[in-house]
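Nothing fancy with the numbering, it's 1 onward along the sequence. Being a predicted model, the structure only gives us computed values, none of them experimental.
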Amino acid sequence: MAGPPVVLWQQEVEGLLHYRELVPRLEEALGKFSRRDSSEVIQPVRTTLTLQKHHGFLGLMPTYMENDGVLSTKFVCFYKREDGSSLPAVQATVVLLDPEYGNVKAVMDGELITDMRTAAVSAISAKLLMRPEAEVLAILGTGKQAFSHYNAFTEMFSFKEVRVWSRTRQNAERFCRSVSGPVTACVSVQEAVRGADAIVTVTRCTEPVLFGQWVKPGAHVAAVGACRPDWRELDDVLMEAAVVYADSREGAMAESGDVILSGAEVFAELGEVINGTKTAHREKTTVFKSLGMGVEDAVSAQLVFDQWKAKTSQP
């Protein structure tokens, strides 16, 4: 008979999740997803419920990995907050279940899992699509995703310069003080992205903030915000000029305003590049549109659970 579920809060998850173990698991999971083999991954496009009174949405993200014995779902609430709001933009919980018995094995705070798996997948996109000689990274936004992306990108790559932009100078300067390495605070998006080899957009914007005329030809853009069909971070000029990649083609066509409203074609999923069935066009301007997938949460939560079991079984 199954015992009570393990409950892991953010501080406990933080001690068990690291990019060096997470990145290879996510690469493997992205490849499995793109093979569309139901024994590997079953994952529907995220279901969303509108929380109209609170200007938010509830997303449900179930995933079953039959061969790996992983069954999970994430509950994520995300909101369109006003600038300066003290309320969280995202709250998440991940549940791991036993696929044979159906009982809940573990309940985890999903905030750090969401932040780290999202940043890790963006870094994987850069590993596949960014030019090897890249020297300048620009981050647009200074929220939690900006911090996780800074950590993942600076751990995986050696940039000579990192720039950050926020709608307020105060937030940009606070970001610079809070990270471990040197960062330059920029007063405008144009200043931040001028000549940048890699650009990460992690904003709350619902209208374009990054314009193609500012982007260096051959740059790689990891676009993480704007996860609704009527929200955007990137303009038509950039979307039309770039080779567009996604984590999930179906997810991008259902949820990404940058893809839907520009009419851009999704050339490939990251998993297809990993599997060798699609080309990584490093020599061209590339956009990776990140929506986030349940399989990313599933393997991240399983990693946390595995690490917890190994830690608690030690004498």
Side-chain angles (χ1 to χ4, degrees), residues 2-47 59-76 90-125 127 145 148 151-152 155-156 247-248 251 269-271 274-275 290-314:
V6 175
V7 178
L8 299 172
W9 301 115
Q10 183 174 339
Q11 188 173 359
E12 294 164 302
V13 173
E14 187 172 2
L16 298 169
L17 199 57
H18 305 282
Y19 288 116
R20 61 181 178 273
E21 293 94 11
L22 182 59
V23 166
R25 289 211 185 189
L26 286 169
E27 287 179 322
E28 184 181 5
L30 291 166
K32 288 178 177 179
F33 171 76
S34 290
R35 285 197 284 271
R36 299 300 193 276
D37 181 343
S38 61
S39 67
E40 294 273 24
V41 179
I42 298 176
Q43 175 202 277
V45 173
R46 175 168 38 213
T47 299
L60 305 176
M61 303 170 67
T63 301
Y64 178 39
M65 304 178 74
E66 183 171 279
N67 290 345
D68 294 322
V70 178
L71 177 63
S72 82
T73 191
K74 184 168 81 173
F75 305 86
V76 55
V90 179
Q91 293 270 54
T93 303
V94 182
V95 176
L96 272 182
L97 302 98
D98 186 305
E100 183 177 3
Y101 290 91
N103 61 290
V104 175
K105 295 194 300 183
V107 179
M108 303 179 192
D109 184 289
E111 184 176 348
L112 188 67
I113 288 174
T114 300
D115 289 347
M116 289 187 65
R117 64 83 156 146
T118 304
V121 171
S122 293
I124 290 167
S125 82
K127 177 182 173 182
Q145 283 288 356
S148 62
N151 291 333
E155 183 174 320
M156 287 182 63
D247 40 18
S248 161
E269 295 174 344
L270 290 187
I274 290 168
N275 293 338
S290 168
L291 274 306
M293 301 195 298
V295 70
E296 298 165 7
D297 300 305
V299 298
S300 302
Q302 187 64 47
L303 174 58
V304 170
F305 189 67
D306 291 344
Q307 301 280 56
W308 174 83
K309 284 198 301 183
K311 186 177 180 180
T312 54
S313 65
Q314 291 176 354

Visitor: If you take all heavy atoms of V104 and V107, which pair is closest and at what distance?
Guide: CG1-CG2, 3.8 Å
Visitor: Just wondering, do R35 and N275 contact through their side chains at under 4.5 Å, heavy atoms?
Guide: yes
Visitor: Working to the nearest 0.5 angstrom, can you tell me the gap between M293 CE and E296 CD?
Guide: 4.5 Å
Visitor: Determine, stepwise, if the pair Q145 / S148 fulfils side chain to side chain donor-acceptor pair (under 3.5 Å).
Guide: CA-CA 5 Å; Q145 283 288 356; S148 62; 3.2 Å; yes
Visitor: Answer with yes or no whether the side chains of K74 and T63 bring together a donor and an acceptor at under 3.5 Å.
Guide: no
Visitor: List the steps and the verdict of salt bridge (charged side-chain N to carboxylate O under 4.0 Å, His left out) for R20 and E155.
Guide: CA-CA 9 Å; R20 61 181 178 273; E155 183 174 320; 5.7 Å; no
Visitor: Does any part of the side chain of V13, heavy atoms only, come nearer than 4.5 Å to the side chain of I113, both counted from C-beta?
Guide: yes
Visitor: Do the non-hydrogen side-chain atoms of Q43 and M65 ever get within less than 4.5 Å of each other?
Guide: no
Visitor: Between E111 and D109, what is the shortest heavy-atom contact and its length?
Guide: N-OD1, 2.9 Å
Visitor: Taking all non-hydrogen atoms of both residues, which atom of P24 and which atom of E21 are closest, and how far apart?
Guide: CD-O, 3.5 Å
Visitor: So how far is it from L96 CG to L71 CG, rounded to the nearest 0.5 Å?
Guide: 8.5 Å
Visitor: Partners of Y19 by ring pair (Phe, Tyr, Trp, His ring centres under 6.0 Å), sequence neighbours excluded?
Guide: none
Visitor: Verify side chain to side chain donor-acceptor pair (under 3.5 Å) between E66 and S39, making sure each step is shown before the conclusion.
Guide: CA-CA 5 Å; E66 183 171 279; S39 67; 5.5 Å; no
Visitor: Might you work through the side chain to side chain contact (heavy atoms under 4.5 Å, CB included) test for L22 and M116, ending with a clear yes or no?
Guide: CA-CA 9 Å; L22 182 59; M116 289 187 65; 4.1 Å; yes
Visitor: Could you report the tightest heavy-atom contact between P62 and P44, atom names first, then the distance?
Guide: O-CD, 3.5 Å
Visitor: Got a second to check how far N67's CG is from D37's CG, nearest 0.5 Å?
Guide: 7.0 Å
Visitor: State, yes or no, whether a side-chain contact exists between V95 and F75 at a heavy-atom distance under 4.5 Å.
Guide: yes
Visitor: Ring of F33, cation from R36 - is the NZ or CZ under 6.0 Å from the centre and inside 45° of the axis?
Guide: yes
Visitor: Answer whether the closest heavy-atom distance between the side chains of V70 and Y64 falls below 4.5 Å.
Guide: no
Visitor: Looking at CG of L8 and CG of L16, how far apart are the two atoms once the value is rounded to the nearest 0.5 Å?
Guide: 7.0 Å
Visitor: At what distance, to the nearest 0.5 angstrom, does CD1 of I274 lie from CG of L30?
Guide: 4.5 Å
Visitor: Will you find, in the side chains of Q302 and D306, an N or O donor that is under 3.5 Å from an N or O acceptor?
Guide: yes
Visitor: What distance separates M61 CE from L291 CG, expressed to the nearest 0.5 Å?
Guide: 9.0 Å
Visitor: Evaluate the side-chain proximity of I124 to V23: yes if any heavy-atom separation is below 4.5 Å, no if none is.
Guide: yes
Visitor: Check whether any side-chain N or O of S34 sits under 3.5 Å from a backbone N or O of G31 as a donor-acceptor pair, and report yes or no.
Guide: no
Visitor: Closest heavy-atom contact between A123 and A152?
Guide: CB-CB, 4.4 Å
Visitor: Hey, is the main chain of W9 close enough, under 3.5 Å, to the side chain of E12 for a donor-acceptor pair?
Guide: yes
Visitor: Given side chains that start at C-beta, do those of V90 and V76 come closer than 4.5 Å, heavy atoms only?
Guide: yes
Visitor: With side chains defined as the heavy atoms from C-beta onward, is the minimum distance between E269 and D247 less than 4.5 Å?
Guide: no
Visitor: Measure across L17 and S300 and return the closest heavy-atom pair with its distance rounded to 0.1 Å.
Guide: CD1-O, 4.1 Å
